[in-house]
Amino acid sequence: MDATKITHVSIEPLNIPLEAPFTIAIGAKHNIENVLVTIQLENGVQGYGEAAPLEPINGENQATALATLTSCKPFLIGQKASDYRQLSKQLKNVFWAQATARCAIEMALLDAYTKTLGIPLFQFWGGAEHQIETDYTIDIVAPITARENALKLAQQGYKTLKTKVGKSLKDDVNRLLAIKEGAPDCRIMLDANQGYTPSEAIHFLEVLEKNDIRPELFEQPVVKHDLQGMKLVKENTSVPVAADETVFTSADALAVARTGCADLINIKLMKSGLIEALDIAAIARSANIGLMIGCMLESKLGLSTSVHFAAGLGGFQFIDLDPHLDPEKEPFKDGPAFNAPNYQLTNDAGIGVRKK
């Protein structure tokens, strides 16, 4: 018997309503509409993977992810989870544009494989850290709501708050002033989601400075392909600039390193997949570019995998893995223990997440 041989693959929609719409500069989401992949091995072990498409970011949606994953089933049956790198390479050669679908398969493969090995995923990746601290994101809401949310989050123990900007400079400034009022001791990060032109981004930072607000980070201030525009922003501020939508692949990370357009790269497993993310992190470190980890709208399964990734590799300067789901609505349980704002890694094998 080959213990890691794949005997069964199941694919199902993962639909979870959000308590409130999640709004960013390029759209709003009212529900989590993801896909769950379950891989079963010959030894009886099951591995779970999640695809979390966000069409404005990666061009995928639940329907395309379901179609891609369904077409992958015949290829996966009979393969070995221990061959995850080779399987990842073959899938990327065919489904190069379907990153979230590939990510779900890689996640399920590695969950099953590390369960078979009897070790946690973060230990498999190096076990650099056993605890990491996340920020919490306040999306594009009215100032009074932002102030209330900031106060509540500070009382819960969050030390860093991130807010979405990029739709209206005036509204963005008013929201930031409200957040500062509600949580004066918290650090503030900005995420424009490509919402500004270079000149608008620079002006925005100048206005914030006049209002005595200095962000810890300015994420993706300009459209993703405008590396020279991002470099212009970087050269006209001392606030660290992070590339997010600009980097989906290791080739993208090389372009950032060559142009010197960003101080950090935000790795999101749903943009790249798990294996490509390892290459992106290696390129960033070799180029003295800082590391950040973020997420899409994911359940505990996807978030926990990113927690394992950041803790396993270590050295991430910014952690943006805040849970947005009520635990009662979560379809999963266990995984890294969360006590705001900290994730504590456990000794459970694999990702450690189980279906309820």
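Keep in mind that what you see is a predicted model, and the values were worked out from it rather than measured. Excluded from the calculations below are hydrogen atoms, water molecules and symmetry mates; all remaining heavy atoms, backbone and side chain alike, are included. For this chain, numbers begin at 1 and follow the sequence in order.
Summarising the local packing, NZ of Lys73 is surrounded by more than 12 heavy atoms from other residues, nucleotides or ligands at distances under 6.0 Å. Within 6.0 Å of NZ on Lys89 lie no more than 12 heavy atoms contributed by other residues, nucleotides or ligands. Residue-environment remark: CD (Gln131) exceeds the threshold of 12 foreign heavy atoms within 6.0 Å. Residue Asn339 places its CG atom among 12 or fewer non-hydrogen atoms of other residues, nucleotides or ligands, all under 6.0 Å distant. Other residues, nucleotides and ligands contribute only 12 or fewer heavy atoms inside 6.0 Å of the CD1 atom of Ile144. Heavy-atom neighbours of Lys356 NZ from other residues, nucleotides or ligands within 6.0 Å: above the threshold of 12.
Annotation: side chain of Leu278 is not in contact with side chain of Leu274 (no heavy-atom distance under 4.5 Å). Within the 4.5 Å cutoff, the side chain of Ile39 has heavy atoms near those of the Leu109 side chain. Annotation: side chain of Met107 is in contact with side chain of Met270 (closest heavy-atom distance under 4.5 Å). Taking 4.5 Å as the limit, every side-chain heavy atom of Ile32 sits out of range of all side-chain heavy atoms of Ser299. Residues Val173 and Asn211 meet the side-chain proximity criterion, which asks for heavy atoms closer than 4.5 Å. The shortest distance between side-chain heavy atoms of Pro120 and Thr114 does not fall below 4.5 Å. Counting only heavy atoms from C-beta outward, the side chains of Arg214 and Val239 approach each other to under 4.5 Å. Residues Leu36 and Phe332 have side chains in contact (heavy-atom distance under 4.5 Å, counting atoms from C-beta outward).
Side-chain contact, Asn15 with Gln62: a donor N or O sits under 3.5 Å from an acceptor N or O. With no hydrogens or angles considered, a side-chain donor-acceptor pair links Thr116 and Asn43 at under 3.5 Å. Side-chain N/O atoms of Glu50 and Tyr48 include no donor and acceptor closer than 3.5 Å. Side-chain atoms of Lys271 and Asn58 include no donor-acceptor pair closer than 3.5 Å. A donor atom on one side chain and an acceptor atom on the other are not found under 3.5 Å apart for Thr163 and Asp139. Looking only at atom types and distance, the side chain of Glu216 has no donor-acceptor partner in the side chain of Thr160 under 3.5 Å away. Judged purely by distance below 3.5 Å, without hydrogens or angles, the side chains of Thr4 and Glu42 never pair a donor atom with an acceptor atom. The closest side-chain donor-acceptor pair between Thr7 and Gln40, if any, does not fall under 3.5 angstrom. No side-chain donor from either of Thr259 and Gln228 sits under 3.5 Å from a side-chain acceptor of the other.
Here SG of Cys295 is found 9.0 Å from CG of Asn266. Values are rounded to the nearest 0.5 Å. Rounded to the nearest 0.5 angstrom, Lys300 NZ and Thr305 OG1 are separated by 11.5 Å. The CG atom of Leu176 sits 11.0 Å away from the CG atom of Asp171 when rounded to the nearest 0.5 Å. Atoms NE2 and CG, on His308 and Leu313 in that order, are 13.0 Å from each other to the nearest 0.5 Å. Annotation: the span from Asp244 atom CG to Leu264 atom CG amounts to 11.5 Å, rounded to 0.5 Å. Distance check: Arg175 CZ to Leu190 CG gives 10.0 Å after rounding to the nearest 0.5 Å.
Partner Val247 forms a side chain to side chain contact (heavy atoms under 4.5 Å, CB included) with one of Ile283, Ile265, Ile289 and no other, that one being Ile265.
The backbone N or O of Gly335 lies less than 3.5 Å from no partner atom in the side chain of Arg354, so there is not a single donor-acceptor pair. Using modelled atom types, one side-chain atom of Asn34 and one backbone atom of Leu297 make a donor-acceptor pair closer than 3.5 Å. Between the Thr68 side chain and the Thr64 main chain, a donor and an acceptor come within less than 3.5 Å of each other. Put simply, the side chain of Asn31 never gets that close to the backbone of Glu33: no donor and acceptor are under 3.5 Å apart.
Tyr84 and Tyr113 have tilted rings, their planes meeting at an angle from 30° to 60° on a 0 to 90° scale. In this structure, Phe338 and Tyr158 have tilted ring planes: the angle between them lies in the 30° to 60° band. Between His130 and Phe122, the two ring planes are perpendicular [angle over 60°; tilted spans 30° to 60°].
Two different hydrophobic clusters hold Ile267 and Leu217 under the rule that ILVMFWY side chains link at heavy-atom gaps under 4.5 Å. A continuous path of Ile, Leu, Val, Met, Phe, Trp and Tyr side chains, each step under 4.5 Å between heavy atoms, connects Ile119 with Val307, placing both in one hydrophobic cluster. Residues Met292 and Phe309 do not share a hydrophobic cluster, clusters being chains of Ile/Leu/Val/Met/Phe/Trp/Tyr side chains in contact below 4.5 Å. Side-chain heavy atoms closer than 4.5 Å link hydrophobic residues (I, L, V, M, F, W, Y) into clusters, and following such links, even through other members, never connects Leu151 to Tyr136.
Checked against the 6.0 Å centroid criterion, the rings of Tyr196 and His203 do not qualify as a close aromatic pair.
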Handout entry: Stepwise salt bridge (charged side-chain N to carboxylate O under 4.0 Å, His left out) check, Lys162 with Asp320
Key = CA-CA 8 Å; Lys162 172 177 161 179; Asp320 184 29; 2.5 Å; yes
Practice task
For the pair Asp191 and Lys164, evaluate salt bridge (charged side-chain N to carboxylate O under 4.0 Å, His left out) and give the outcome as yes or no after the intermediate values.
Solution key: CA-CA 5 Å; Asp191 184 2; Lys164 301 291 187 176; 2.8 Å; yes
Practice task
List the steps and the verdict of side chain to side chain contact (heavy atoms under 4.5 Å, CB included) for Asp172 and Phe204.
Solution key: CA-CA 9 Å; Asp172 291 341; Phe204 178 52; 3.8 Å; yes
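The pair Lys167-Glu200 fails the salt-bridge criterion, with no side-chain N (NZ, NE, NH1 or NH2) lying under 4.0 Å from an Asp/Glu carboxylate O.
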